[in-house]
Amino acid sequence: MDIKDVVKQKYSEAALRVLEGGSSCCCGPKAPSGIAQTARMSQEIYAAADTAGVPTGAIVASLGCGDPTALAELKPGETVLDLGSGGGIDVFLSAKRVGPGGKVYGLDMTDEMLALARENQMKAGVENIEFLKGEIENIPLPDNSIDVVISNCVINLSIDKGRVLREAFRVLKPAGRFAVSDVVLCGEIPATLRNSPELWAGCVAGAMQEPKYKSELAAAGFVDVDIEPTMVFRAADVREFLSAAGAEAVSVADQADGKIMSAFVRATKPAIGGADSKKKRAISTIQILGTGCARCKDLTANVEKAVQGLGIEARVEKVTEITEIMKFQILMTPGLVIDGQVKAAGRIPPVEEIMQMLLAAGGN
Ligand SMILES: C[S@@+](CC[C@H](N)C(=O)[O-])C[C@H]1O[C@@H](n2cnc3c(N)ncnc32)[C@H](O)[C@@H]1O
């Protein structure tokens, strides 16, 4: 079974427990084997006033490690996406905050979690919510459609976190906020823990080191990246939540002392009209060098998506005359030139990289 299947199975079992009248319950010995041992009881995380009116089924199913809805400073009318929405607690909380003029999507890959979330929605009769089936690595929503991406103890579970962050960036509108609670590492943890599928599903083994999280966010195009620890786990806590992974894992708990934390992760997609867009206005021309081959068309498509993704206006010119192309002294086509500077030759940079090039070029 690959990691994704292990994760799906564990969270399916957790959802079924709640659907059958039990609790997903997230902490220590009560946890279904291998689940979210870093998660805390919902009453430790959420203010009682906030959860008033939220379906009980969503509260008991809570498997998060923080309250991203408090972090996100949601405003009435906003559109929110919760990555890995589980039983839906953060979706319901967000729906209260954005009000009837706003909309909240919950995205989850596990059928049983979606069934639980939809049952909770039906019982609560909340209309400004939609639960979507899908993977956070491939978000089934259009570019530039979301004001705030939230998530609670989920991104660490992904096997391709860079892709998740690029997808979050893609669906966010310019100036959109990324406001996530997650498990983050602040030191090397023993290989016994890193290699345990149980602990991957338990939100430990897959967690990123803090500097890596920051660099992945920046590589995806985010700015104003910040990681704020909300709880650092000491050896005693670690010993407790490692129990599901067996005696060997427990025996190395001391080596993980202070190296695993719950944290708020914040970032922003560059805005139009702010400092970044001043940079963008400085871009006069994007040129695609090539004689019209299929690869040139692919590059053109990526450039168009990047321009659209940043919401900027830029002139895109195709340079097809060989004598004109040669003036740029590139060895292979297609070539990408921004404001007279060759940025790529003989390859097709992905959309996110082109966005980075455009932002950087605008800063000159
Ligand atoms: C730790 S639970 C958190 C649930 C919820 N955010 C909360 O705070 O209660 C993780 C959830 O993420 C979902 N999940 C994990 N990996 C996913 C992926 N790659 N794509 C979509 N959903 C995923 C699981 O099905 C599960 O519902």
Side-chain angles (χ1 to χ4, degrees), residues 2-19 23-27 31-32 34-46 50-51 54-72 80-94 104-118 120 131-141 149-165 167-168 179-183 197-207 241 244 262 264:
D2 70 13
I3 288 285
K4 193 168 266 184
D5 289 335
V6 174
V7 170
K8 218 181 256 183
Q9 185 183 317
K10 295 295 178 189
Y11 288 99
S12 154
E13 286 166 10
L16 286 173
R17 277 167 60 107
V18 179
L19 283 166
S23 153
S24 67
C25 189
C26 30
C27 305
I35 284 282
Q37 293 90 346
T38 48
R40 283 137 66 196
M41 303 294 284
S42 50
Q43 59 267 39
E44 279 181 53
I45 295 178
Y46 298 99
D50 287 343
T51 52
V54 170
T56 316
I59 298 172
V60 294
S62 161
L63 284 164
C65 50
D67 177 2
T69 62
L71 167 74
V80 179
L81 166 66
D82 182 12
L83 301 178
S85 43
I89 185 158
D90 297 311
V91 174
F92 290 102
L93 286 170
S94 300
V104 187
Y105 294 98
L107 174 65
D108 208 287
M109 67 175 180
T110 306
D111 286 323
E112 293 75 6
M113 275 296 181
L114 285 166
L116 174 61
R118 286 174 181 146
N120 289 333
F131 289 103
L132 306 171
K133 177 165 181 174
E135 298 188 345
I136 59 175
E137 296 82 0
N138 198 5
I139 299 173
L141 286 171
V149 168
I150 63 166
S151 182
N152 200 346
C153 219
V154 179
I155 295 175
N156 69 80
L157 294 168
S158 172
I159 46 171
D160 191 347
K161 296 164 182 63
R163 183 161 171 176
V164 174
L165 302 180
E167 277 290 271
V180 163
S181 256
D182 207 356
V183 177
E198 287 285 302
L199 287 177
W200 190 292
C203 300
V204 174
F241 65 67
S262 299
F264 277 155

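Note that ligands are numbered from 1 as they come in the structure, with each ligand's atoms numbered from 1 the same way.
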Next on the checklist: Using side-chain heavy atoms (C-beta onward) and a distance below 4.5 Å, is Phe92 in contact with Ile59?
Outcome noted: no
Asn152 heavy atoms within 4.0 Å reach ligand 1 at atoms 3 (C), 6 (N), 8 (O)
Point to revise | Test item, Cys153 contacting ligand 1 (heavy atom, 4.0 angstrom) | key: yes
What about Cys203: any of its N or O atoms under 3.5 Å from an N or O on ligand 1? no
One finds that the ligand 1 atoms under 4.0 Å from a non-hydrogen atom of Thr110 are 24 (C), 25 (O)
Counting heavy atoms under 4.0 Å, the part of Ala15 that contacts ligand 1 is neither
Min over Glu135, Glu137, Arg163 of heavy-atom distance to atom 19 (N) of ligand 1 lands on Glu137
Heavy-atom proximity to atom 4 (C) of ligand 1 ranks first, among Gly84, Ala61, Gly64, for Gly84
**Asked** Taking Asn152 for the side chain and Leu63 for the main chain, is one N or O donor matched with an acceptor at less than 3.5 Å?
**Response** no
| query | Do the side chain of Asp82 and the main chain of Val104 share a donor and acceptor less than 3.5 angstrom apart? | reply | no
Would Ser158 count as a contact residue for ligand 1, given that I'm defining contact as a non-hydrogen atom of the residue lying under 4.0 Å from a ligand atom? no
Practice task
Report yes if some heavy atom in the side chain of Cys203 is under 4.5 Å from a heavy atom in the side chain of Leu157; otherwise report no.
Solution key: yes
Within the 4.0 Å heavy-atom cut-off, what Leu157 brings close to ligand 1 is side chain
Short version for Leu83: what comes under 4.0 Å of ligand 1, heavy atoms counted, is neither
Tell me whether Ser181 contacts the main-chain N or O of Cys153 through its side chain, where contact means a donor paired with an acceptor under 3.5 Å. no
- Could you walk me through whether Val7 and Met109 pass side chain to side chain contact (heavy atoms under 4.5 Å, CB included), step by step? CA-CA 10 Å; Val7 170; Met109 67 175 180; 3.8 Å; yes
Practice problem: Please step through side chain to side chain contact (heavy atoms under 4.5 Å, CB included) for the pair Glu167 and Ile136, ending with a clear verdict. | Solution: CA-CA 8 Å; Glu167 277 290 271; Ile136 59 175; over 6 Å; no
Closest heavy-atom approach to atom 12 (O) of ligand 1 among Asp111, Val154, Asp82 is made by Val154
With heavy atoms and a 4.0 Å threshold, my read on which part of Met113 contacts ligand 1 is side chain
Any side-chain to backbone donor/acceptor pair from Glu137 onto Arg163? Under 3.5 Å, distance only.
no
Indicate whether any N or O donor in one side chain lies under 3.5 Å from an N or O acceptor in the other, for Ser158 and Asp160. no
So the atoms of ligand 1 within less than 4.0 Å of a heavy atom of Ser85 turn out to be 5 (C)
Does the side chain of Val154 reach to within under 4.5 Å of the side chain of Asp108, using non-hydrogen atoms? no
Quiz item: When you measure from the side chain of Tyr11 to the backbone N and O of Glu112, does any donor-acceptor pair fall under 3.5 Å?
Solution: no
Under 4.0 Å from one or more heavy atoms of Ser62, ligand 1 contributes atoms 9 (O)
Note to self: For ligand 1, which is the ligand I care about here, please tell me if Gly87 has any N or O atom under 3.5 Å from one of the ligand's N or O atoms.
What the structure shows: no
In ligand 1, the atoms that come under 4.0 Å of a heavy atom of Asp90 are 8 (O)
Review point. For ligand 1, is Ala14 a contact, meaning one of its heavy atoms is under 4.0 Å away?
Key: no
